[in-house]
Amino acid sequence: KSADVLQLTAQILSFKEPCREKELVQAFLQRLMLMDYRARYIPIKEAASEEGHVQSGPVNKEEDDTYDTFFSLQLVSIDEETQEYSIHPMDVQMAVFHCSDSFLKQLIVTKLSQCQYALPLLVPNPFTGEIEFPQWAFHQIRKSWKSTDMSGKVISKIKPICEAETPMVAFFRIGSISTSKSKLINDLINERHSTFFHRDCPGSSRNRQLMEGVVEIAWYCPSGKSTDHFTDCVAFCNLHGDAETHEKQLEILTEMSSVNVVVLGDQDVTVSQNSKYKIGLKDRNKSDISMDLEKVIKDCCSNSPYTFSLNKFGKIKELTKDENDEKCQKGKEAAMQIIKWPEGTELSKVKESSLPHQGKFWSEWCQKKKELHRLQGSKLEKQKSEIRAEMKNIREEQHKLGLSKLMDLFTHTLKTSAENEKCYFLKWLGILLDNFTTDELSGFHHAYDQTWSKVLDLKGQADKSEDMKNKLSAAAFSIEHIFREMGQIYEACMAVQAGKNDFSLPKLAAESMLSGHPLELMDGDTGHVPLDWVSAVLDELINILGDQRVFVLSVLGIQSSGKSTMLNAMFGLQFAVSAGRCTRGAFMQLVKVSEEMKKELNLDYIFVVDTEGLRALEFTGISTRQLDNGLATFVVGLGNMTLINMFGENPSEMQDILQIVVQAFLRMKKVRLNPRCMFVHQNVGEITAADKNMEGRKRFLDNLDEMTKLAAKEEDCNAKCFSDVIAFDVRSDVSYFAQLWEGSPPMAPPNPLYCDSIQELKGNIISKMSSNSGVTFSQFKQRLSSLWNALLDENFVFSFRNTLEIAVYRRLEHEYSKWTWSLRSAMLATENKLHNRVTNEDSIKIDEEDIVECIKETKTDVETSIKKLFDEDRDKEILVQWRERFQVKVSELCSELVQGTKRKLDEVIRLKKARKKVDSEKKMYENKLFKLSKELAFHLKNIETDEDALQKEFEDVWSTWVNELTSDTPQFADINIWGDVTQILSESYEQTFVTERQHREIYKRIDALGNYSDYVILKNQEDPGQEDLQSRNECDNNSLSVLIRNTAEDIKAQIRSKSIAEHGYSRNYIPEIISFVKDKVTEHESNTSNYTLRKEFTVDLCLSVCDFAADYFAEQHKEFKEAYDVRLYLERQKPQYFNIFKDYCSGATSTAVFGRVIVDTLNPSIVQAAYDQTAIDLSDKMKCDVPAFSGNKSNQEKHILTSLAEEENFENYVEYIQKPKEYCSRFINKKVDDYVHKENKNEVLEIIRRNISSKGKRVMAAVNEATEEVKRNNGDANMWLQHLSRKLQDELQLKEKSCPEQNEVSDLDFLREIVIAELTSIMSELNKSFQDISDLKWEMFRKKPEDILIEQLCRCCWAQCPFCNAICTNTLENHSGDHNVRFHRNPGINGWSFMFTGNLGIDFCTTAVSSKLLHFRTNGKVLSFKDYREAGGEYARWNIMPDNSEMPYWKWFVCRFQEDLERYYRKKFINNEIPKEWRDYSKEQAIESLNEL
């Protein structure tokens, strides 16, 4: 099959001559695909063991190789004396031909024709003996020639060879002759080229097996010169073998021929009579014979009324025709149906009526699309909406056209045909369309040339030339135009969201592409990329093949420099190359990589992109560098490698193209794309001289470097030589090709040196592929979109969005999130373990090295994962730029986690030391309470009382005991923080005023107010100036927001530094806070000349920061009280001492009491340890299960915005816009709450129960181990308790309870039995206690799951766009480089308005930055939005690129909450300024658009 032949195989690189017999077929096909006529002359390397040994006899039925089948057929007639045998070159050709399917046969015949070889016309079937006529194989061949009429006028003709009516000269031989018949014909056609293989050709032998009875045909095509052998096209047929033994072939040929030439034995006389000639061959030189034969043939042809064509041959019933295949006929019939249009109809009219979508409407739509990217003036959003509306109207008009009859038949055939039928159909359609349009296009080109010549003489008639050019374009009609129509039908349907009937079109195009048809990337008539269509076709390719990895090879060069011919020869493709059919736009074809090469190259396919030429004057009308630069940028940007094709070494042409190419590569460097390139000089003479070759390379490199300097000035960058721009080696990246033809067309064959250069270049390209990972289909689609959208803008570099790089970075962020979570969760487990250790042990010091050691394994795993990603990932070339940055960030996080844990543990140790005295007192009181409980029990031991009575007795004495024991301990009074705040503020302001501000509660939202004008007193009102300037309102809301935010952050840092947990709350903290706030306000006023702040602002700001402080102080003071209030501590121990009292009352032994005391101590510790572990497990589970918690910052943003839209709560939006980090924390809290209390209650309960059981088992194991060890060492209860504590020191907090009589415990087995029995009972009770989610006590979490997740997810960049408050989506905190966000917002959402009008602006900042006519004011300066970075500060760190995306989300938001926004900012949107289309967006559309984040 042709697909097998055209795929990229290892043999392409390893092929050498001579080759082994088993490689002969592959070598022949490879050479033939290269158009190398030496395909017939491949020498065979015989293995020593095989010489003289050729097996004869029947074919082994189990053999799979079809080619071997032919080589093993009939090889019994070998000269037994020599026992030597060589394969005849024509047997190789015919064996391949016989074993090929019809499509490969067609390809082989086409390539043989390009090599100027004779083609098989009548072929006896070696199995059945039937005479076959491969008519189908000839249909792609077209011949061009220039005939000369009787008056001497030269007429150019281009004909499909099947339709060419020509005289036919048939050659036969009778008997055995010494003169080569084939050589006689060659001398008539082209004496320098063996069109017909003859006995003197290399490799010829008598052992020809498959050529007997074969009739070959070749055409002589004159060039219109005096040296032509014949004045018109003549067909020559050659019957191989003795004509007497091939009667059927002889009969057919003599019936169809104009002239019959019978070659007999040697004759020595030349005579003629009645159109019958006898030419003597004996003792005559070849030249004389050829001259006589030529003269006779001319004479006979001029007198013969008969003409021959292949189509007439097809009507001969005795022949078996491949075209009669049922599938072929079905394909032909379907194609014939499509091109049935009224005879005499102008081709342009046919095209206009059959393909209406791609005419006027498509052209207008493309123009509007360009206008959309190049907006001018002010009110840009309104302009955008108007243009979009016009574009939508055009699409609606397109859609109304419906399917023409042609398109209906075409799509129906593709949808309903089987695979092979579809391939035949597409081939037939292409052939018939080409045949139909050839004559008319030829006439148009002739008329165009004449008109253009007149224009050069008469300058005033340029309009006629332009009209002719338009007619020429309109008359071009091929299968590519039908696929273009499919694309426009699809895009129109998608634009108007019509039914899904036409949504199958991309799949049809993708399937056609897989069968070998090119996909049009850029429409050559409009110069536009139908992006939606191409993207949809690529999506279908992904659906069919998977997201395969491809290497993109593009070509760039001036028009008619042989780009398409070179690609066709290199990969066996079929890009249009015939005269008058220069490539328009850009086309892409797939080349499959064979399985063995996939492993070597790590690629699945090659995308070969062919493009129209630079400086195509007849198509563009004017030669503009901008158009050429755009095309060059597009082609270079698409390719992983670009072939720069140049015709010859003309200095002026080279200078032109080199500057364009270098400029394109400079742009790629600026936008961080790194393609490679190779330069190809075609039609270069004397390239064999190595010295001259090297000299040419040096000269070429000098030119490149010079052009680099010129291009660098235009692109405003610093590059002094070409190697500064891309990796380039002039020795291996520059190729010189000989001229394509060996002689003068149309009879000249391709130059073998040209073919060698193609093979060498192909090998170089493939070798460079192995070091390039290529791109996936989806990445190619993204790059195509980014390139095209950027090219539509005037400033490519400014507008380019490297979608591939963004996608890779997003994936890296996702991996970074995994790495940081691994480290964080490992550190949480370590923190729990070490926290238990420092709590349990009296004298301990934890160093950072100890903490690092605990997470060493996790850290190593993360480092290995990082190395693997950057070293082995398919996008490692892109990733490398961020390697150091992310490694540093991970290392910094690790160090920070270690230091943070160290600080926490140090704080625990410090507090433990600080509380040592009170803990000692607690222990003393516990000993006394133990004795008192025991004494009371013994007192009541002999009195029979039930539990209630015991409870009453214990209650009666408990309060007395505690009061007596704690009479000397300090008392802790309640605190009233808000009372202190009010009192301190009232010292500076009236108390009624302070109370009023508290009651109004404005302070609670002071950090999220939309307008601060109520807080300010303006000093001077400025005069109105330009109304197109955008700014915040007059009191500068931005600076006040910053003041409030910074003050709050500073206060939080201050109060967190105070040791409240150690010393308790002090009333002196409040004056410090209030004083700090006043100082901040005063400092701000001193730096502002426009206004002063009212006292309401100062008081509200004080109340706001004190609101946070009060909550923090209360929480910390509670912790202080619980640690230092002995009375409170003892009250909490009451149940335990009642149990001791009760046990002694029931007669329990000291061992039993001691065991139960231990279990009572372990019970809360097990529960706490289970909660600590559950916090980690639950966080980890939510990180995986909750979509908003997995992935990068952009993913988190998407879910937040989705949630906001679903709730439609304006207050939440305000908090998100003004305080995104705080809102994100609240969002995480809500998600955690929903997950735990609504969505996954049972799973959460299962986690806590599992951890309780796990901790319980660990404790029981420790009890058993401690007991056994102490028994071996003859230890006592004290030793047992020490061993148990040591084994559990990292598992849970085990506070040694006082039990004065533990020394009496001697039976350790009994103690173990008691402890395990009690633990078993407690474990059961604890697990039963978690039956409902309400049983989960959230305050028990030492570190709550939501806090863990907030630390992980909120540790990212929170910078906000200075115009619209959009949040940077970088996952890295304090990242280097610019801030970025996928979608910006309407700045009116952030309160921006037109100066002096109070009208909220609607222009998105991504729209405004594309214009120099819109301005903004900051720091007393007025700047255009396009030059926003010149404002410095926060502006300079933002990368805001022009973006014409629809961004429905924020447009919907403005319309949905217009009134709320106006109230919030106390400004208005001008209704007629908000585009109507904004109001058409639904909430569902808004949410769906977030998928692009």
Side-chain angles (χ1 to χ4, degrees), residues 369 372-373 380-382 384-385 387-389 391-392 395 491 493-498 500 503 531-532 535-536 539 778 781-782 785-786 788-789 792 799 801 803 806-807 810 1187-1188 1191-1210 1212-1213 1216-1217 1220 1223-1224 1227 1361 1363-1369 1380-1390 1402-1410 1440-1458 1461 1474-1493:
K369 181 72 172 176
L372 187 64
H373 283 260
L380 299 183
E381 290 299 333
K382 193 172 183 182
K384 279 173 69 174
S385 293
I387 293 172
R388 285 188 191 280
M391 291 169 68
K392 188 174 182 182
R395 286 302 193 193
E491 289 201 335
C493 286
M494 292 296 290
V496 300
Q497 297 182 343
K500 295 190 176 180
F503 293 176
L531 200 55
D532 292 341
S535 298
D539 283 336
S778 57
K781 182 184 78 170
Q782 292 168 347
S785 175
S786 296
W788 179 242
N789 285 323
L792 286 173
S799 306
R801 180 185 296 276
T803 316
I806 291 170
R810 294 273 168 84
N1192 54 21
K1193 176 76 179 295
S1194 295
N1195 175 68
Q1196 176 185 307
E1197 186 85 351
K1198 169 188 165 183
H1199 285 88
I1200 289 175
L1201 291 173
T1202 301
S1203 171
L1204 285 165
E1206 289 171 345
E1207 294 170 0
E1208 294 190 63
N1209 184 307
F1210 182 70
N1212 288 346
Y1213 268 111
Y1216 166 74
I1217 292 167
Y1223 184 81
C1224 181
F1227 173 79
C1361 172
F1363 298 116
C1364 69
N1365 258 20
I1367 308 153
C1368 175
T1369 51
N1380 280 288
V1381 60
R1382 177 66 183 91
F1383 288 134
H1384 283 261
R1385 309 169 190 165
N1386 174 319
I1389 293 170
N1390 194 30
I1402 64 163
D1403 290 326
F1404 281 72
C1405 45
T1406 45
T1407 304
V1409 293
S1410 63
I1440 306 170
M1441 293 182 290
D1443 189 355
N1444 281 296
S1445 304
E1446 289 193 46
M1447 295 182 273
Y1449 189 91
W1450 292 110
K1451 293 175 181 177
W1452 166 81
F1453 171 78
V1454 167
C1455 298
R1456 169 64 182 81
F1457 295 104
Q1458 179 181 346
L1461 286 165
I1474 297 179
K1476 180 179 176 296
E1477 69 163 14
W1478 287 22
R1479 303 192 185 278
D1480 295 335
Y1481 290 117
S1482 65
K1483 180 171 73 173
E1484 290 70 29
Q1485 287 175 310
I1487 293 173
E1488 186 180 354
S1489 71
L1490 296 173
N1491 291 327
E1492 296 181 40
L1493 278 175

**Student:** When the aromatic ring centroids of Y1213 and F1453 are compared, is their separation below 6.0 Å?
**Tutor:**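 Yes, the ring centres sit under 6.0 Å apart.
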**Student:** Just how far is it from atom NE2 of H1384 to atom OG1 of T1407, taken to the nearest 0.5 Å?
**Tutor:**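 Those atoms lie 10.5 Å apart.
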**Student:** Measuring only between side-chain heavy atoms, which start at C-beta, is L1201 closer than 4.5 Å to F1383?
**Tutor:**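 Not in contact.
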**Student:** To check you understand the geometry: which heavy-atom pair defines the closest contact between A495 and R395, and what is its length?
**Tutor:**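 Answer, listing the atom of A495 first, then R395: CB-CG, 3.5 Å.
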**Student:** Does the side chain of L792 come within less than 4.5 Å of L372's, by heavy atoms?
**Tutor:**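 A side-chain contact under 4.5 Å is absent here.
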**Student:** Can you find a heavy atom in the side chain of F1404 that is under 4.5 Å from one in the side chain of D1443?
**Tutor:**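 Not in contact.
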**Student:** Any luck finding a side-chain donor-acceptor pair between R810 and S1194 under 3.5 Å?
**Tutor:**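 Note: R810 and S1194 side chains meet the donor-acceptor criterion.
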**Student:** Is any side-chain heavy atom of V1381 closer than 4.5 Å to a side-chain heavy atom of C1361?
**Tutor:**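 No, their side chains stay 4.5 Å or more apart.
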**Student:** Calculate, to the nearest 0.5 Å, the distance between atoms NZ and CZ belonging to K369 and R388 respectively.
**Tutor:**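 Rounded to the nearest 0.5 Å, the NZ-CZ separation comes to 7.0 Å.
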**Student:** Nearest heavy-atom pair of F1363 and P1387: which atoms, and what distance?
**Tutor:**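 In this case the closest contact between F1363 and P1387 is O-CB, 3.7 Å.
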**Student:** Less than 4.0 angstrom from a charged side-chain N to a carboxylate O is my criterion; do E1208 and K1483 meet it?
**Tutor:**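 Yes, charged N to carboxylate O under 4.0 Å.
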**Student:** List the atom of F1457, the atom of N1209, and the distance in Å for their closest heavy-atom pair.
**Tutor:**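 Taking F1457 first and N1209 second, the nearest heavy atoms are CZ-N, 4.3 Å.
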**Student:** Which value, rounded to the nearest 0.5 Å, describes the distance between T1406 atom OG1 and M1447 atom CE?
**Tutor:**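 Between atom OG1 of T1406 and atom CE of M1447 there are 3.5 Å.
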**Student:** What closest approach, in Å, do I1487 and A1205 show between heavy atoms, and which atom pair accounts for it?
**Tutor:**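 Looks like CG1-CB, 3.8 Å.
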**Student:** Closer than 3.5 angstrom, by distance alone: can the side chain of S385 be matched with the main-chain N or O of K382 as a donor-acceptor pair?
**Tutor:**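 Checking the backbone N and O of K382 against the side chain of S385, no donor-acceptor pair under 3.5 Å is found.
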**Student:** Is it the case that the side chain of N1195 and the backbone of P1187 share a donor-acceptor pair, with hydrogens and angles ignored and the cut-off at 3.5 Å?
**Tutor:**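 Side chain of N1195 to backbone of P1187: a pair is present.
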**Student:** Quick one: closest heavy-atom pair of E1207 and N1212, and the distance?
**Tutor:**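 The answer is OE1-ND2, 3.0 Å.
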**Student:** How far does CD of E491 sit from OG of S535, to the nearest 0.5 angstrom?
**Tutor:**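 Answer for the CD-OG pair, E491 versus S535, is 9.0 Å.
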**Student:** Give the C-alpha distance, both sets of side-chain angles, the deciding distance and a yes or no for side-chain contact (heavy atoms from CB on, under 4.5 Å) between K1193 and I1367.
**Tutor:** CA-CA 10 Å; K1193 176 76 179 295; I1367 308 153; 3.5 Å; yes
**Student:** Answer whether the closest heavy-atom distance between the side chains of Q1196 and T1369 falls below 4.5 Å.
**Tutor:**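 Heavy-atom side-chain distance check fails, nothing below 4.5 Å.
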**Student:** Give the intermediate values and the outcome of side-chain contact (heavy atoms from CB on, under 4.5 Å) for residues K1198 and R1382.
**Tutor:** CA-CA 11 Å; K1198 169 188 165 183; R1382 177 66 183 91; over 6 Å; no
**Student:** CD1/I1200 to CG/L1490 distance, rounded to the nearest 0.5 angstrom?
**Tutor:**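 CG of L1490 is found 11.5 Å from CD1 of I1200.
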**Student:** What pair of heavy atoms forms the shortest contact from V1409 to I1440, and how long is it?
**Tutor:**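 For V1409 versus I1440, the nearest heavy atoms are CG2-O, 3.7 Å.
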**Student:** Applying side-chain contact (heavy atoms from CB on, under 4.5 Å), run through Y1216 and E1197 and close with a yes or a no.
**Tutor:** CA-CA 11 Å; Y1216 166 74; E1197 186 85 351; 2.3 Å; yes
**Student:** Please tell me if the side chains of F1227 and S1203 come closer than 4.5 Å, counting only heavy atoms from C-beta onward.
**Tutor:**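 Side-chain contact under 4.5 Å: yes.
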**Student:** What I'd like to find out is whether the side chain of I1402 reaches to under 4.5 Å of the side chain of E381, using heavy atoms alone.
**Tutor:**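 Yes; the side chains approach each other to less than 4.5 Å.
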**Student:** Is any side-chain heavy atom of F1210 less than 4.5 Å from a side-chain heavy atom of L1461?
**Tutor:**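 Yes, at least one pair of side-chain atoms sits under 4.5 Å.
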